[in-house]
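A quick write-up on the structure given underneath.
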Amino acid sequence: MRLEKCWFCSSTVYPGHGIQFVRNDAKIFRFCRSKCHKNFKMKRNPRKVKWTKAYRRVHGKDMTQDSTFEFERKRNRPERYDRNLAVDVLKAIPKIDKIRVSREERHHKNRMKGNKAKVQKEAEKEYEQSIHMVKAPSSLQQEKIKVKVSQQQSEENPLMEE
C-alpha cells in the first residue's frame with residue numbers, strides 16, 4: 001500500500017482517496033481533498049496559506065530538520081526483501097516514533113518559552129479594559145466615592161502635620 005503526500009498541504013493521501021491532477025507536461029499532483037485542489041487551481045502559494053505544513057515549516061512553527069524525518073522519506077529504488085531487516089525495521093519503528101514525539105515536544109516547549117508572560121500581560125490589560133463587565137456598576141461608584149474621600153483626607157493631613 002503506497003501512501004502519497006498531498007502536494008498542497010503535505011498530509012497523507014491514502015489509496016482510493018483524494019484527487020489527482022496531471023498537467024500537460026505529465027507532472028502528477030495529488031491532493032488529499034477538494035480544499036487543496038481548489039487552492040492549487042487558484043494558484044495560491046502553500047507557504048503563504050496558514051493551515052499548510054509548508055507555512056508552519058517556513059515560519060518556525062514545526063521542526064524542519066531532524067534525523068527521524070529520514071525514515072518517512074519516499075524511496076523510489078526497490079529493495080530486495082530481507083526478513084531479518086524487515087523484523088529489525090518493525091522493532092525500530094516505535095522507538096523512532098517515541099524519539100520524534102519527544103523532540104517535537106521539546107521544540108514546542110522552546111517555542112512557547114516567552115509566551116507565558118505575554119499571555120499574562122494581555123489578560124491583565126483585557127481585565128483592566130473590561131472591569132465594568134466584571135463588577136457591578138454600584139460597586140464601581142462606591143469605589144469612586146471612597147477614592148474622592150481619601151484624596152480629600154490626604155490633602156488635609158499635610159496641613160495638620162506641619
Side-chain angles (χ1 to χ4, degrees), residues 1-140:
M1 180 169 78
R2 186 175 204 115
L3 301 178
E4 303 289 343
K5 291 282 182 188
C6 176
W7 185 87
F8 197 80
C9 70
S10 303
S11 65
T12 55
V13 181
Y14 291 93
H17 292 262
I19 301 164
Q20 243 185 0
F21 173 71
V22 182
R23 207 165 50 189
N24 286 341
D25 62 351
K27 172 127 175 67
I28 299 171
F29 298 94
R30 289 180 177 85
F31 304 103
C32 58
R33 52 185 180 254
S34 61
K35 178 181 182 180
C36 297
H37 188 221
K38 287 174 186 174
N39 278 293
F40 174 79
K41 287 194 292 188
M42 286 190 277
K43 298 185 178 182
R44 287 201 176 138
N45 188 346
R47 288 171 292 187
K48 293 182 181 178
V49 180
K50 290 192 175 188
W51 51 268
T52 61
K53 197 82 165 169
Y55 175 91
R56 294 188 61 79
R57 282 192 177 137
V58 168
H59 291 83
K61 311 261 183 221
D62 279 348
M63 289 193 312
T64 53
Q65 294 178 348
D66 192 32
S67 58
T68 57
F69 295 141
E70 191 68 31
F71 296 103
E72 291 182 17
R73 282 201 14 226
K74 180 179 165 185
R75 293 168 187 83
N76 288 326
R77 194 169 2 118
E79 293 285 330
R80 180 170 289 233
Y81 178 75
D82 181 15
R83 186 175 185 155
N84 295 330
L85 179 66
V87 169
D88 291 342
V89 167
L90 289 174
K91 284 181 182 175
I93 287 174
K95 293 177 188 175
I96 294 165
D97 194 42
K98 188 176 179 183
I99 292 168
R100 184 180 51 80
V101 168
S102 65
R103 287 180 182 173
E104 283 178 356
E105 286 174 358
R106 195 175 326 125
H107 173 77
H108 185 264
K109 192 181 286 184
N110 288 338
R111 214 168 53 84
M112 295 294 161
K113 241 180 207 173
N115 200 21
K116 196 172 188 179
K118 182 181 170 187
V119 169
Q120 184 69 24
K121 265 187 184 177
E122 288 175 0
E124 288 174 4
K125 186 177 178 182
E126 180 72 25
Y127 176 73
E128 289 295 325
Q129 288 177 347
S130 58
I131 188 72
H132 65 280
M133 296 174 79
V134 177
K135 290 189 176 181
S138 59
S139 64
L140 287 174

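- Counting heavy-atom neighbours within 6.0 Å of K95 NZ, excluding the residue itself, gives a total of 12 or less.
- Under the salt bridge (Lys or Arg N to Asp or Glu O under 4.0 Å) criterion, D97 pairs with R100, sequence neighbours left out.
- Remark: K113 pairs with N110 by the side chain to side chain contact (heavy atoms under 4.5 Å, CB included) rule, at least two apart or across chains.
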Output side-chain donor-acceptor pairs under 3.5 Å for residues 44-54, partner residues at least two apart or in another chain, one line each.
from, atom 1, to, atom 2, distance (Å)
R44, NH1, N39, OD1, 2.5
N45, OD1, R47, N, 3.1
N45, OD1, R47, NE, 3.4
T52, OG1, P46, O, 2.4
T52, OG1, V49, O, 2.9
T52, OG1, Y55, N, 3.3

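- Atom NZ in K61 sits 9.5 Å away from atom NE2 in H107 (nearest 0.5 Å).
- For the atom pair CZ of F40 and CZ of F21, the computed distance is 5.5 Å after rounding to the nearest 0.5 Å.
- Closest approach of C36 to F8, counting heavy atoms only: CB-CB, 3.8 Å.
- Summarising the geometry of Y81 relative to A86, their closest heavy-atom pair is CE1-CB, 4.1 Å, with the distance given to 0.1 Å.
- Closest heavy-atom contact between V13 and K5: CG2-C, 4.1 Å.
- Listed by chain and residue number, nothing satisfies the side chain to side chain contact (heavy atoms under 4.5 Å, CB included) test with K98 (two or more places apart in sequence, or in another chain).
- Here Q129 pairs with K125, E126 under the side chain to side chain contact (heavy atoms under 4.5 Å, CB included) rule; sequence neighbours left out.
- Each side chain to side chain donor-acceptor pair (under 3.5 Å) pair with one or both residues in residues 7-24, not counting sequence neighbours, appears once here: R23-D25.
- Proximity of N84 to V87: side-chain heavy atoms (C-beta onward) are nowhere separated by under 4.5 Å.
- Residues K118 and E122 have side chains in contact (heavy-atom distance under 4.5 Å, counting atoms from C-beta outward).
- When the side chain to side chain contact (heavy atoms under 4.5 Å, CB included) test is applied to P94, no partner is found at least two apart in sequence or on another chain.
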